[in-house]
Amino acid sequence: MDKNKLVNQAELIQDFFGEDTEPFFDKVTQFNQLMMKYNSAIREVKTKLEILNDELSFKGEENPIESIQSRIKKPMSIAKKLRKLGKPITVESVEENLSDVAGIRVICPFIEDIYQVAEMLIAQDDIVVIEIKDYITAPKPNGYRSYHMIIEVPVFFSKYKQPMRVEVQIRTVAMDFWASLEHQLKYKNENTKTTQIAQELKECADVIANTDLRMQNLRHKINDKPVEKP
Ligand code: 0O2
């Protein structure tokens with residue numbers, strides 16, 4: 001941002017609060033700069049995924065990616081998570097302790113597409129894998145399924161390059177449907193913790209997982225590939 005604009009904003013805030021707001025203003029600027037960096041990292045990873053999808057589509061293969069969503073964690077969620085981890089709520093602490101400020105969700109048509117997308121991304125030599133959690137092979141007890149990766153991608157700024165962490169969640173359309181609704185229900189109502197509702201949610205997740213597998217097998221039958229047992 002241009003320096004005069006920053007000084008003007010600082011003066012405005014100072015007038016508004018009627019006291020020395022420099023420390024506050026510094027922190028806000030530092031925080032916004034960090035969020036700008038996470039946004040840039042999201043753009044880098046999103047572009048990589050879009051290129052992979054375009055290339056496969058060009059080769060005449062079926063698109064492994066249905067859609068890509070992204071989000072930057074909100075300041076309040078960042079603060080809550082740092083508090084939960086018992087870490088200081090400072091800008092430095094965000095970079096040091098959180099890996100999911102920048103998040104990308106990749107929605108794939110079929111289960112096998114998830115692993116193909118993950119492999120293609122990991123194979124790129126500027127990507128460093130920090131952590132993988134495969135909640136498809138080992139679903140969460142509540143039925144949640146998704147493939148999670150924490151990766152580091154280098155982002156080139158005007159005077160330096162910085163590796164930035166991004167959380168990538170990859171899941172099928174069906175897994176996403178379940179996770180979105182379960183998230184909504186959990187957010188709206190604490191009752192989802194009651195055994196009966198939790199049990200029903202888990203059953204729905206299992207039905208969906210079975211449907212995912214059947215759809216994949218149908219794809220194999222149509223394309224003359226080996227069929228997997230549920
Ligand atoms: P948001 O708003 O999506 O960012 P941690 O992230 O370290 O607190 P954990 O369990 O070690 O927690 O990380 P994990 O398992 O990789 O899960 C992180 C994210 O996965 C969550 O982010 C959710 O987006 C998603 N997720 C994990 N479990 C569930 C689940 O049971 N149901 C649904 N709907 N989503 C889930 P956040 O930070 O919780 O939320």
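Counting starts at 1 for both ligands and their atoms, in listed order.
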Next item on the list: Please state which part of Gln184 comes within less than 4.0 Å of ligand 1, counting heavy atoms only: side chain, backbone, both or neither.
Entry: neither
What is the nearest protein non-hydrogen atom to [atom], stated with its residue, atom name and distance?
atom                    : value
atom 40 (O) of ligand 1 : Lys73 NZ, 4.4 Å
atom 23 (C) of ligand 1 : Gln169 NE2, 3.9 Å
atom 18 (C) of ligand 1 : Glu167 OE2, 3.8 Å
atom 36 (C) of ligand 1 : Tyr144 CE1, 3.4 Å
atom 31 (O) of ligand 1 : Asn142 ND2, 2.7 Å
atom 33 (C) of ligand 1 : Glu182 OE1, 3.3 Å
atom 11 (O) of ligand 1 : Lys133 NZ, 2.7 Å

Next item on the list: Mark the output for Arg105 as yes if a heavy-atom distance to ligand 1 is under 4.0 Å, and as no if none is.
Entry: yes
[X] with [Y]: basic N within carboxylate O range, under 4.0 Å:
X      : Y      : result
Lys81  : Asp100 : yes
Lys48  : Asp126 : yes
Asp113 : Arg219 : yes

Margin query: I'd like to check atom 26 (N) of ligand 1 in this structure: does the protein have a heavy atom lying under 4.0 Å from it?
Written below: yes
Please report whether ligand 1 has a polar contact with [X], defined as an N or O pair separated by less than 3.5 Å (distance criterion only).
X      : result
Lys140 : yes
Trp178 : no
Ser180 : no

Margin query: If you take the centroid of each ring, where Trp contributes its six-membered ring, are Tyr135 and Tyr147 closer together than 6.0 Å?
Written below: no
Notebook entry, point to check: Which heavy-atom pair separates Arg145 from Ala205 by the least distance, and what is that distance?
Noted result: NH1-O, 3.6 Å
Next item on the list: Scan Gln33, Lys27, Met35 and name whichever one has a side-chain contact (heavy atoms from CB on, under 4.5 Å) with Phe31.
Entry: Met35
Check: Angle class for the Tyr160/Phe157 ring planes (parallel below 30°, perpendicular above 60°, tilted otherwise)?
Finding: tilted
